[in-house]
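Report on the structure given below.
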Number of protein chains: 2
Amino acid sequence: MDIKAVVGKNVRHFRELKGISQEELAFDADLHRTYVSGVERGIRNPTVLIVAKLAAALGVEPFKLLEFRC
Amino acid sequence: MDIKAVVGKNVRHFRELKGISQEELAFDADLHRTYVSGVERGIRNPTVLIVAKLAAALGVEPFKLLEFRC
């Protein structure tokens with residue numbers, strides 16, 4: 001699977017686990033909601049700093065967002 | 001530690017473990033040597049696609065490059 005798709009799947013997974021909306025995640029990570037939506041759809045190619053911001057807002061370690069999940 | 005520094009430390013760690021130079025890693029990952037050098041020094045903010053290219057050239061899973069190592 002493409003790494004962008006892996007990141008997208010993980011962001012959605014941990015966001016739903018936390019029970020928050022894309023809008024809430026975007027607010028907590030200081031990003032735009034459409035950007036978060038693009039990440040979740042595997043369209044965006046985030047930098048490691050963005051991955052770290054998303055991870056902090058989700059309460060997980062950054063590497064967890066790059067881990068391949070079946 | 002800053003995520004860029006974590007990635008840099010990991011890239012250097014796995015590159016040295018593989019016993020290859022920055023030049024060889026750059027060639028294998030289809031990147032410029034100065035870019036790889038900047039990543040290792042924690043100056044660059046690579047995208048997840050770049051992380052995946054570096055990981056493939058180093059023979060490790062992409063998430064390994066974001067894992068915090070003491």
Side-chain angles (χ1 to χ4, degrees):
Chain A
M1 202 195 302
D2 174 63
I3 187 76
K4 304 198 307 298
V6 170
V7 172
K9 212 172 160 184
N10 286 331
V11 169
R12 180 162 294 167
H13 169 78
F14 289 113
R15 177 177 63 74
E16 290 176 348
L17 213 61
K18 226 192 159 195
I20 60 171
S21 67
Q22 286 185 344
E23 211 144 11
E24 288 171 287
L25 173 56
F27 182 82
D28 292 347
D30 198 26
L31 297 168
H32 199 277
R33 193 199 58 78
T34 59
Y35 186 85
V36 171
S37 165
V39 169
E40 286 196 1
R41 284 177 292 133
I43 290 165
R44 294 287 189 157
N45 179 25
T47 67
V48 293
L49 278 175
I50 299 285
V51 170
K53 281 171 95 169
L54 287 165
L58 291 166
V60 299
E61 291 296 313
F63 80 87
K64 298 299 282 180
L65 298 185
L66 266 70
E67 234 170 359
F68 179 70
R69 312 172 52 86
C70 302
Chain B
M1 205 196 303
D2 173 63
I3 187 75
K4 305 197 307 298
V6 170
V7 172
K9 211 171 159 183
N10 286 332
V11 169
R12 179 161 294 167
H13 170 78
F14 289 114
R15 178 177 63 74
E16 289 177 349
L17 213 63
K18 224 191 160 197
I20 60 172
S21 65
Q22 287 185 343
E23 210 144 12
E24 288 171 286
L25 173 57
F27 181 83
D28 293 347
D30 198 26
L31 297 168
H32 199 277
R33 193 199 58 78
T34 58
Y35 185 85
V36 171
S37 165
V39 170
E40 286 196 1
R41 283 177 293 133
I43 292 165
R44 294 287 188 158
N45 179 24
T47 67
V48 293
L49 277 176
I50 298 286
V51 170
K53 281 171 96 169
L54 286 165
L58 291 166
V60 299
E61 292 296 315
F63 79 87
K64 298 299 282 180
L65 298 185
L66 265 70
E67 235 170 358
F68 179 69
R69 312 172 51 84
C70 303

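Just so it is clear: chains get the letters A, B, ... in the order the sequence lines come, proteins before strands, and each one is counted from 1.
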* Among L66(A), V6(A), D2(A), V7(A), which residue forms the greatest number of heavy-atom pairs with chain B at distances under 4.5 Å? -> L66(A)
* **Hydrophobic cluster identity match, V11(B) and L31(B), side-chain contacts under 4.5 Å** => yes
* To do: Is it possible for you to say whether L25(A) and L17(A) belong to one hydrophobic cluster, with membership spreading through side-chain heavy-atom contacts below 4.5 Å?
  => yes
* Asked: Taking only heavy atoms into account, what residues of residues 33-65 of chain A are found under 4.5 Å from chain B?
  -> N45(A), P46(A), T47(A), V48(A), L49(A), V51(A), A52(A), P62(A), F63(A)
